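Report on the structure given below.
Source: prediction; values computed, not measured.
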Protein chains: 2
Amino acid sequence: MDWSPENCSIARTLGLLGEKWTLVILRDVFGGIRRFNDLIEYSGVPRQVLTNRLSVLVEEGILRRDSYQEPGSRARPEYRLTEKGLDTYRILIALREWGDRYVADPEGPPLEHLHRDCGAPVTLTVRCAEGHEIHDPREVVGRPGPGAVRRSAKAASGTK
Amino acid sequence: MDWSPENCSIARTLGLLGEKWTLVILRDVFGGIRRFNDLIEYSGVPRQVLTNRLSVLVEEGILRRDSYQEPGSRARPEYRLTEKGLDTYRILIALREWGDRYVADPEGPPLEHLHRDCGAPVTLTVRCAEGHEIHDPREVVGRPGPGAVRRSAKAASGTK
DNA sequence: AGGCTAAGTCCTCTTGACAGACTCAACAAG
DNA sequence: CTTGTTGAGTCTGTCAAGAGGACTTAGCCT
């Protein structure tokens, strides 16, 4: 049971999205905020960090640099989600759901995700390929998958 | 459309779980790793950081400090998930799913989540309260909810 | 030419990550 | 009862990253 965590999808995803401001930026881009200064204002990200994160996100193909032009101004860049970026919405919904349950103010959640077509609130459901719906985290077990790599012998001590 | 992000559930959740190593630690605790030294070995977290994160997680009620005793040794602490902690599993599954899709090695995913009762792989489904299943991120829209707070007038500039 | 504005860069200060050595409290062996 | 061992930390020094204010740049508009 000694599996190397180096190629874990969770770790890798966190490597891309896990830095302090990245998901906050994505949240706001999902909310339609696409311009540098607006992002600074909304997210509260320091300029330097925003520059940095945006360029990483563009490099990784999560955002794409587009351009817009307000009449009477020069063209400026604007940042939009790619497919890869749009697909992070499940992560954001999962974070919001957990937050609503455990850290929201008594007045209720400050942000809702709604279904565009019917206006009903959106939630995540955990389900297995057999169609069973899962409500208890204890019903889920983690297992090394096909891409798992045994860790080098050296580390195989200390684990009881 | 000027809503203060201060009380956003996503931001707050990230405030608790968003630091560099926190979710990696939770991933491993989900995997049954519960002891200080084992966590260091598996996660690769620096000792100091682990000390720090564990104490924050315990303070926040995400982990609980239990104790175990190997025969012939003294009692030592071990860290276990509380309900609040167990409920982060959706976040971990969302991260894994995104990672499997976009950053996994060609051999396949290194970690799978399976249904304990039937062994089938577990996935997240997005669904609205009306029962519509959602497959396209563009079908989801974010809206300020009941707890949303208008931002102070000062900031209401710059937004187009 | 001079001004305005969005989008950055530059610079400094502080905070946090990281690694390796050190400490501390049982228990066990001599 | 002294010494060794082991797991769980703390201490210390170095170095990268975050935070935030001042400065720069490029095009459009008087």
Side-chain angles (χ1 to χ4, degrees), chain A residues 5-6 11 14-25 28-29 32-59 63-80 154-160, chain B residues 5-6 11 14-25 28-29 32-59 63-80 154-160:
Chain A
E6 272 118 56
L14 289 171
L16 289 183
L17 307 178
E19 299 212 63
K20 197 167 178 191
W21 290 101
T22 310
L23 285 163
V24 173
I25 294 169
D28 287 342
V29 177
I33 318 231
R34 308 206 168 98
R35 306 178 184 178
F36 193 87
N37 275 2
D38 292 347
L39 283 168
I40 284 178
E41 219 181 282
Y42 273 79
S43 331
V45 197
R47 303 178 98 66
Q48 189 106 260
V49 176
L50 182 59
T51 306
N52 200 320
R53 293 299 174 276
L54 286 175
S55 74
V56 171
L57 289 170
V58 168
E59 254 172 52
L63 295 180
R64 137 176 79 84
R65 193 191 295 260
D66 225 337
S67 91
Y68 73 96
Q69 183 150 19
E70 295 271 314
S73 292
R74 73 184 211 184
R76 295 179 191 286
E78 117 179 322
Y79 299 88
R80 299 176 135 267
K154 160 235 149 201
S157 57
T159 324
K160 174 201 246 159
Chain B
E6 273 119 57
L14 289 171
L16 290 182
L17 308 178
E19 297 212 64
K20 194 167 179 192
W21 289 101
T22 310
L23 286 163
V24 173
I25 294 169
D28 287 342
V29 177
I33 318 229
R34 311 209 167 95
R35 305 177 184 180
F36 193 86
N37 277 2
D38 292 347
L39 283 168
I40 283 178
E41 220 181 282
Y42 273 79
S43 331
V45 197
R47 301 177 99 67
Q48 187 106 261
V49 176
L50 182 60
T51 306
N52 201 320
R53 294 297 173 277
L54 286 175
S55 74
V56 170
L57 288 170
V58 169
E59 253 172 51
L63 295 180
R64 141 175 74 84
R65 194 191 296 259
D66 225 339
S67 91
Y68 73 97
Q69 182 147 20
E70 296 272 312
S73 293
R74 73 182 205 184
R76 295 178 190 287
E78 117 180 321
Y79 298 89
R80 303 178 132 266
K154 161 235 148 201
S157 56
T159 323
K160 164 197 247 170

*List the atom of B:R65, the atom of B:P77, and the distance in Å for their closest heavy-atom pair.*
CG-CB, 3.9 Å
Got a second to check how far [X]'s [atom1] is from [Y]'s [atom2], nearest 0.5 Å?
{"X": "B:L57", "Y": "B:T22", "atom1": "CG", "atom2": "OG1", "value": "6.0 Å"}
{"X": "B:S67", "Y": "B:E78", "atom1": "OG", "atom2": "CD", "value": "7.5 Å"}
{"X": "A:R35", "Y": "A:R76", "atom1": "CZ", "atom2": "CZ", "value": "9.5 Å"}

Between [N] atom [atom2] and [X] atom [atom1], what is the distance in whole Å?
{"X": "B:I25", "N": "C:dA17", "atom1": "CD1", "atom2": "C1'", "result": "13 Å"}
{"X": "A:Q48", "N": "C:dC13", "atom1": "CD", "atom2": "C1'", "result": "13 Å"}
{"X": "A:Y68", "N": "D:dC28", "atom1": "OH", "atom2": "P", "result": "13 Å"}
{"X": "B:W21", "N": "D:dA17", "atom1": "CH2", "atom2": "P", "result": "14 Å"}
{"X": "A:N52", "N": "D:dG18", "atom1": "CG", "atom2": "C1'", "result": "10 Å"}
{"X": "A:R47", "N": "D:dT25", "atom1": "CZ", "atom2": "P", "result": "16 Å"}
{"X": "B:I40", "N": "C:dC18", "atom1": "CD1", "atom2": "P", "result": "13 Å"}
{"X": "A:E70", "N": "D:dG27", "atom1": "CD", "atom2": "P", "result": "18 Å"}

*B:Y68 six-ring centre to B:R34 NZ/CZ under 6.0 Å and within 45° of normal*: no
Considering just the side-chain nitrogens and oxygens of [X], establish if one lies under 4.0 Å of OP1 or OP2 belonging to [N].
{"X": "A:S73", "N": "D:dG27", "value": "no"}
{"X": "A:Y79", "N": "C:dA7", "value": "no"}
{"X": "B:Q69", "N": "C:dC27", "value": "yes"}
{"X": "A:R74", "N": "C:dG8", "value": "no"}
{"X": "B:K20", "N": "C:dC18", "value": "yes"}
{"X": "B:R65", "N": "D:dA8", "value": "no"}

*First of A:R53 and A:G72 reached from the 5' end of DNA chain D, by closest nucleotide*: A:R53
*Find which nucleotide of DNA chain D each of A:P46 and B:N37 is nearest to by heavy atoms, and output the residue with the more 5' nucleotide.*
B:N37
